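Following: one structure in structure tokens, then a few remarks.
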Amino acid sequence: MLLLNMLKTSNCGINRATADLHRPIEVEIEVGVAWQSRIANTAQQQLLAEGYLAARHGSGTFVAEELPDDLPQRIAPRRFARTRHPQLSRRGASLAGMPGSSRRLGGPPRAFRLGVPALDLFPVRLWSRLVARRLRAMTLRQLDYSDPAGFRELRQAIAEHVQAARGTTCTADQVFIVAGAQRALQMMCSLLLDPGDRVWLEDPGYPGARSALTQAGAQIVAARVDAHGLDVVAAARLAPDARMAYVTPSNQFPLGVPMSLMRRLALLKWASKAGAWIVEDDYDSEFRYSTRPFPSLHGLDADGRVLYVGTFAKSTFPAMRLGFVIVPIDLRQRFLATRRATDVHPPLLEQMALADFIGAGHYATHLRRMRSAYRERVEALVEAAKKRCDGVLRLRPVQTGLHAVADLGGVDEERVCEEAAARGIEVAPLGMYYVGRPTAHGLLLGFASTPPESLRRGMERLADAINAARRPLRASRTRTASARS
């Protein structure tokens with residue numbers, strides 16, 4: 001409306017009361033006053049864009065027959081109105097009930113948050129320069145749809161990295177770039193499983209794998225995990241004809257134990273005999289603090305049974321949403337077809353920048369820096385737990401990864417999580433990761449996302465939360481409310 005007033009004050013002759021809807025508008029401008037011409041032209045273009053004027057080719061510009069002010073306004077629904085929708089499908093209801101990130105409190109990283117790396121140490125300025133350089137050089141071809149398998153330079157960089165770091169044997173043609181490891185799991189389950197197929201799933205295990213299997217309609221077989229990883233013999237007794245096994249052998253999630261070499265070989269032998277697939281999720285094996293790593297299952301596989309999944313969410317930053325899957329070469333064309341029928345490919349710009357980040361050596365430098373920082377943060381966590389929670393919270397040894405498992409002595413884990421959330425810290429109960437009935441109770445404590453001092457302060461609050469969880473529920477809530485006020 002500001003531009004409409006400008007037109008009126010510039011002798012443009014627009015007057016809704018006297019305008020002829022069938023006669024072009026004549027813009028009368030005093031000769032020699034160039035600024036009025038510019039104002040009138042700008043105003044006219046704005047009124048065209050807002051729908052007050054209509055241009056007809058070869059005829060001129062007219063007042064629109066339907067002005068925006070005359071269009072019916074949408075009436076906001078009444079607050080108490082509720083729409084009754086049909087019920088979710090059984091599969092949808094199962095997915096909606098999966099344990100997820102609902103326990104996160106939001107906001108920036110805080111003490112004990114799971115699955116988040118040291119965002120405060122990521123080289124944001126360097127990353128920004130790499131992205132900006134690629135963006136400035138983007139061609140018309142690159143703005144179009146690209147290779148469904150992913151950016152070739154990134155696939156080549158990943159193939160070289162995993163061969164050196166994890167002992168795999170693969171080519172760039174076997175690597176598919178995906179929008180996070182979860183997308184890889186969904187693709188593999190959709191392509192390789194039929195509804196009703198039985199699948200071994202570590203118990204306790206990763207909820208994301210459980211949700212992908214549920215989406216595919218698979219029948220989940222809870223495979224027990226002990227100090228040596230998934231118990232292959234016990235799982236084979238439960239489901240010898242399973243179609244797939246999902247494992248996290250380098251750092252079992254959530255217990256943090258590596259699968260022994262004997263178990264790895266037994267798993268490969270079972271898969272070859274049963275004609276089954278193995279999905280190896282190597283989600284944070286980049287970060288080890290004590291023992292030397294075992295070779296990956298993919299590196300030991302001589303029969304083409306293992307599909308290897310990796311992610312950059314744990315080594316760079318989660319918002320990047322880039323991961324990869326290494327598939328047997330004879331599955332490549334079928335994966336390409338599946339990709340074209342689903343999400344086509346992830347965003348290209350981030351792939352190009354990540355290829356430069358890896359190729360120039362920045363990724364290797366960043367990993368070395370993170371390993372050093374995480375050792376310091378692990379030590380701070382252990383020291384703080386011993387000082388503040390000795391006797392009620394026992395940390396298990398941390399060999400790999402970004403979180404620790406802590407056993408609770410005589411305190412309900414759910415109560416502790418509630419009390420911790422009331423004090424502004426995030427802890428996850430171990431029991432929520434079991435498919436069946438939990439056989440152990442404790443907490444998962446992320447240590448990567450916050451510096452040592454934040455972990456020490458967080459442990460003070462956790463100690464207070466544990467003490468509060470020991471008290472009767474009413475007394476605990478009264479104390480928390482008074483503390484907040």
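Fair warning: this is a prediction, and the values are worked out from it, not measured in the lab.
- With His362 contributing its side chain and Asp356 its backbone, the two residues share no donor-acceptor pair below 3.5 Å.
- Every residue two or more places apart in sequence or in another chain that forms a side chain to side chain donor-acceptor pair (under 3.5 Å) with Arg152 is listed here: Asp173.
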Using the side-chain contact (heavy atoms from CB on, under 4.5 Å) rule, take Leu268 and Asp303 through it: C-alpha gap first, then chi angles, then the decisive distance, then the call. CA-CA 8 Å; Leu268 290 169; Asp303 198 26; over 6 Å; no
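- Formation of a donor-acceptor pair under 3.5 Å by the Thr365 side chain with backbone atoms of Gly361 is found in this model.
- Taking CE of Met138 as the start and CG of Leu348 as the end, the distance is 5.0 Å to the nearest 0.5 Å.
- Look at Arg263 and Glu202 and you find no salt bridge, because none of the NZ, NE, NH1 or NH2 atoms lies under 4.0 Å from a carboxylate O.
- For the pair Met370 and Glu286, the minimum side-chain heavy-atom distance is 4.5 Å or more.
- The side-chain heavy atoms of Val309 and Tyr283, taken from C-beta on, include no pair separated by under 4.5 Å.
- Nearest heavy-atom pair, Pro328 versus Gly304, reported as atom, atom and distance to 0.1 Å: CG-O, 3.5 Å.
- Counting only distance, with no hydrogens or angles, the side chain of Tyr289 and the backbone of Gly401 share a donor-acceptor pair below 3.5 Å.
- For Leu430 against Ala440, the heavy-atom pair with the smallest separation is CD2-CB, 4.0 Å.
- Without hydrogens or angle criteria, Asp203 side chain to Val435 main chain gives a donor-acceptor distance under 3.5 Å.
- Contact annotation: the side chain of Met259 approaches that of Leu267 to within less than 4.5 Å [non-hydrogen atoms, C-beta and beyond].
- No donor-acceptor pair closer than 3.5 Å links the side chain of Glu376 to the backbone N or O of Ala373.
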Test Thr400 against Ser250 for side-chain contact (heavy atoms from CB on, under 4.5 Å), laying out the working first. CA-CA 8 Å; Thr400 310; Ser250 297; 5.8 Å; no
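- The structure places CG of Asn251 at 7.5 Å from CZ of Arg288, a figure rounded to the nearest 0.5 Å.
- Between Asp231 and Arg224, the shortest heavy-atom contact is OD2-NH2, 2.5 Å.
- Side-chain contact between Leu331 and Arg334 is present, with at least one heavy-atom pair separated by less than 4.5 Å.
- Contact annotation: the side chain of Ile177 never approaches that of Leu354 to less than 4.5 Å [non-hydrogen atoms, C-beta and beyond].
- Side-chain atoms of Gln174 come within 3.5 Å of backbone atoms of Val327 as a donor-acceptor pair (strictly under, hydrogens ignored).
- Between Phe176 and Pro148 the shortest side-chain heavy-atom distance does not fall below 4.5 Å.
- Under the side chain to side chain donor-acceptor pair (under 3.5 Å) criterion, Arg264 pairs with no residue, sequence neighbours left out.
- Taking every heavy atom of both residues into account, Val257 and Gly229 meet most closely at CG2-N, 4.2 Å.
- In terms of modelled atom types and a separation under 3.5 Å, the side chain of Thr168 and the main chain of Cys170 share no donor-acceptor contact.
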Could you walk me through whether Glu426 and Arg104 pass side-chain contact (heavy atoms from CB on, under 4.5 Å), step by step? CA-CA 6 Å; Glu426 298 173 357; Arg104 287 178 62 129; 3.9 Å; yes
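- Using modelled atom types, no side-chain atom of Arg210 and backbone atom of Gly205 make a donor-acceptor pair closer than 3.5 Å.
- Sequence neighbours left out, the pairs with a member in residues 257-280 that pass ring pair (Phe, Tyr, Trp, His ring centres under 6.0 Å) are Trp200-Trp270.
- Here Gln351 contributes atom CD and Glu153 contributes atom CD; the two are 11.0 Å apart, rounded to the nearest 0.5 Å.
- The shortest heavy-atom contact between Ile425 and Leu462 is CD1-N, 3.6 Å.
- Taking NE2 from His228 and CG from Leu261, the interatomic distance works out to 12.5 Å, rounded to the nearest 0.5 Å.
- With hydrogens and angles ignored, the 3.5 Å screen pairs no side-chain donor or acceptor of Gln46 with any backbone N or O of Thr42.
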Please output the side-chain donor-acceptor pairs of residues 115-128 that fall under 3.5 Å, not counting sequence neighbours, one pair per line with the distance.
{"unit_1": "Asp120", "atom_1": "OD2", "unit_2": "Arg377", "atom_2": "NH2", "d": "3.1"}
{"unit_1": "Ser128", "atom_1": "OG", "unit_2": "Val124", "atom_2": "O", "d": "2.8"}

side-chain contact (heavy atoms from CB on, under 4.5 Å) between Asp147 and His345, worked out: CA-CA 7 Å; Asp147 188 344; His345 62 77; over 6 Å; no
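- Here the side chains of Leu192 and Val279 are not in contact, with every heavy-atom distance at 4.5 Å or above.
- Sorted by first and then second residue, the ring pair (Phe, Tyr, Trp, His ring centres under 6.0 Å) pairs with a member in residues 144-164 read His161-Tyr363; sequence neighbours excluded.
- Asp301 is not listed as a side-chain neighbour of Tyr308, based on a closest heavy-atom distance of 4.5 Å or more.
- A donor-acceptor pair under 3.5 Å is absent between the side-chain atoms of Gln252 and the main chain of Val225, judged by distance alone.
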Which atom pairs, one a donor and one an acceptor, fall under 3.5 Å between side chains of residues 178-190 and the rest of the protein, sequence neighbours left out?
{"unit_1": "Gln182", "atom_1": "OE1", "unit_2": "Tyr206", "atom_2": "OH", "d": "3.4"}
{"unit_1": "Gln182", "atom_1": "NE2", "unit_2": "Gly208", "atom_2": "O", "d": "2.8"}
{"unit_1": "Gln182", "atom_1": "NE2", "unit_2": "Ser211", "atom_2": "OG", "d": "3.2"}
{"unit_1": "Arg183", "atom_1": "NE", "unit_2": "Asp343", "atom_2": "OD2", "d": "3.2"}
{"unit_1": "Arg183", "atom_1": "NH1", "unit_2": "Gln186", "atom_2": "OE1", "d": "3.4"}
{"unit_1": "Arg183", "atom_1": "NH2", "unit_2": "Thr342", "atom_2": "OG1", "d": "3.3"}
{"unit_1": "Gln186", "atom_1": "NE2", "unit_2": "Gln215", "atom_2": "OE1", "d": "3.2"}
{"unit_1": "Ser190", "atom_1": "OG", "unit_2": "Gln186", "atom_2": "O", "d": "2.9"}

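- The CG atom of Leu445 lies 13.0 Å from the CG atom of Leu402; values are rounded to the nearest 0.5 Å.
- Results of the ring-ring contact (aromatic ring centres under 6.0 Å, His included) test with His403 over Tyr433, Phe112, Phe253 single out Phe253 as the only residue that passes.
- Nearest heavy-atom pair across Leu443 and Pro429 is CD2-CA, 4.5 Å.
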